[in-house]
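In what follows, a single structure is set out as structure tokens and then discussed.
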Amino acid sequence: MKIATYNVNGISSRLPVLLRWLAKEQPDVACLQELKAPDEKFPLMDIQLAGYEAVWIGQKSWNGVALLVKGYEITNVVKGLPGDPADEQSRYLEATVNGIRICCLYLPNGNPAQGPKFDYKLAWFKRFHYRAKELLQLKLPVVLAGDFNVIPAEADAYKPERWVNDALFRPETRAAFEALKAFGYTDALRHLNPDAVIYTYWDYFRDAYNRNAGLRIDHFLLNDSALSLLQSAGVHTQVRGWEKTSDHAPVWITLQA
DNA sequence: ATGTCAAGAAAATCTTGA
């Protein structure tokens, strides 16, 4: 079973790239982030013609996440990260697919660090910690997938010294990511490739992709049950080089399931 | 600091967020 996560950076403007990627790679599950479109603008017809069913939560202009699934039922859907009914940002979806609990998340960027946006990021992380712990009580494989907006370590940035004061790399942010690992979640890509240079995002500025000036900020975190099923993982790097593409590339894992 | 994208407001460029 192949599960992918892809920050599409606007599903309307990236639809051709999304459909091209789905046709080429045929993931069983695709977690999408940054739809940047309200619910009613979700291109369900095109997604279904590509062979997928979907659940999504949209939002005008910003955020928005979706779960695309081919060939399996989507059950027990949770829309929105539990814990704050006042939070109106569409950043979180959960569902069970083929017996696996899959969370699609778009963590807040948080810049500029120090300020209300950074506070929101840390508060969101705290709520996510609570939910991630709850999920460990389920007797299911759990996969946390998405754009975490976290550079976990120096090895995950082309020039880490440039990011020391950025919300993606601040000590508070890295500590919050480390806390998830301490609860019992494993960073799948780093687990299988301890020493590799792996990037999932390249800035549109200054020809970053062609210089491979990237960051690793899209992640798969697996509980022990999911980790025992893990077969392989990677990044569809070439998609970042396509015309009218997102600034992120799709990331994928395969599970023996 | 640099300078790329796309959407929205509003009416051609400017602002915003990433």
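First the proteins, then the strands, lettered A, B, ... as listed; each starts at 1.
Comparing the same atom, P, in B/dA6 and in B/dT2 gives a spacing of 22 Å after rounding to whole Å.
Looking at heavy-atom distances under 4.0 Å, A/Lys41 makes no contact with the nucleic acid at all.
Partners of A/Glu161 under the salt bridge (Lys or Arg N to Asp or Glu O under 4.0 Å) rule, at least two apart in sequence or in another chain, do not exist in this structure. Every side chain to side chain contact (heavy atoms under 4.5 Å, CB included) that A/Leu15 has, sequence neighbours left out, goes to A/Leu18, A/Leu19, A/Pro43, A/Asp46. Partners of A/Asp28 according to the salt bridge (Lys or Arg N to Asp or Glu O under 4.0 Å) rule, which considers only residues two or more places apart in sequence or in another chain, do not exist here.
Summarising the geometry of A/Pro160 relative to A/Glu154, their closest heavy-atom pair is CG-O, 3.6 Å, with the distance given to 0.1 Å.
Atom CG of A/Leu15 and atom P of B/dC5 are 19 Å apart (whole Å). Across the protein-nucleic acid pair, A/Arg206 atom CZ and B/dA1 atom C1' stand 9 Å apart, rounded to whole Å. Atom CG in A/Leu35 sits roughly 13 Å away from atom P in B/dA7 (whole-Å rounding).
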Heavy atoms under 4.0 Å is the rule here; annotate nucleotides 13-18 of chain B 5' to 3' with B where the base is hit, S where only the sugar-phosphate is, and - elsewhere.
----SS
Would you list the atom pairs, donor with acceptor, under 3.5 Å between side chains in residues 138-150 of chain A and any protein atom, with sequence neighbours excluded?
unit_1: A/Asp147; atom_1: OD1; unit_2: A/Asn149; atom_2: N; d: 2.9
unit_1: A/Asp147; atom_1: OD2; unit_2: A/Asn7; atom_2: ND2; d: 2.9
unit_1: A/Asn149; atom_1: ND2; unit_2: A/Leu107; atom_2: O; d: 2.9

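Other members of a hydrophobic cluster containing A/Trp62 are absent, since no ILVMFWY side chain comes under 4.5 Å of it, directly or through relayed contacts.
Side-chain proximity of A/Ser61 to B/dA9, B/dC5, B/dA7: nearest is B/dA7.
At B/dT2, none of the side-chain N or O atoms of A/Arg162 fall inside 4.0 Å of OP1 or OP2 (strictly under the cut-off).
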